[in-house]
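Since the structure comes first, as structure tokens, the remarks are kept for the end.
These figures come from a predicted structure and were not determined experimentally.
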Amino acid sequence: MNLSTFIVLCILICIVALDIRYLMKNGIDSCSGDCGSCGPSCKWANDVKKAQRKIRFQKKMKQLFQMK
């Protein structure tokens, strides 16, 4: 691996990290985990455990990137 390849790799890693941080901060969707507020229109209505796992994952990612 030469210097130019290493620089390009570092730039790509930075872009991916910033993209993940942006998605975690702004969110992909607006699921708050309170399934009672959405009712039947919620895409997670029939799968509460899946929604809870998604929320735990988002919280871990926010902690990893130290976002509030």
Side-chain angles (χ1 to χ4, degrees):
M1 184 184 298
N2 58 20
L3 181 62
S4 61
T5 307
F6 181 74
I7 292 172
V8 170
L9 181 63
C10 289
I11 291 171
L12 286 175
I13 290 171
C14 288
I15 290 171
V16 169
L18 290 172
D19 188 37
I20 291 171
R21 184 170 185 239
Y22 173 82
L23 289 174
M24 294 308 299
K25 186 175 182 179
N26 295 321
I28 296 172
D29 58 12
S30 61
C31 182
S32 64
D34 183 20
C35 294
S37 65
C38 297
S41 65
C42 179
K43 68 179 182 178
W44 305 106
N46 294 327
D47 198 355
V48 175
K49 290 194 183 289
K50 190 173 183 181
Q52 290 171 343
R53 281 194 307 267
K54 182 179 184 293
I55 292 168
R56 278 194 306 266
F57 173 75
Q58 286 179 339
K59 286 181 182 178
K60 286 180 185 177
M61 291 302 289
K62 285 181 182 180
Q63 288 176 348
L64 177 67
F65 289 106
Q66 297 176 359
M67 295 182 308
K68 295 184 182 204

> Taking a hydrophobic cluster as the set of Ile, Leu, Val, Met, Phe, Trp and Tyr residues connected by side-chain heavy atoms closer than 4.5 Å, whether directly or through intermediates, do V16 and V8 fall within one such cluster?
Replying inline: no

>> Check for me, please, whether I15 and I7 land in the same ILVMFWY cluster - side-chain distances under 4.5 Å, paths through other members count.
In response: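 Yes, one cluster joins them.
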
> Mind checking what makes side chain to side chain donor-acceptor pair (under 3.5 Å) contact with D19, not counting sequence neighbours?
Replying inline: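 Counting only residues at least two positions away or on another chain, D19 forms no side chain to side chain donor-acceptor pair (under 3.5 Å).
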
>> Could you go through T5 and N2, starting from their C-alpha distance and side-chain angles, then the distance that decides it, and tell me whether this counts as side-chain contact (heavy atoms from CB on, under 4.5 Å)?
In response: CA-CA 6 Å; T5 307; N2 58 20; 2.7 Å; yes

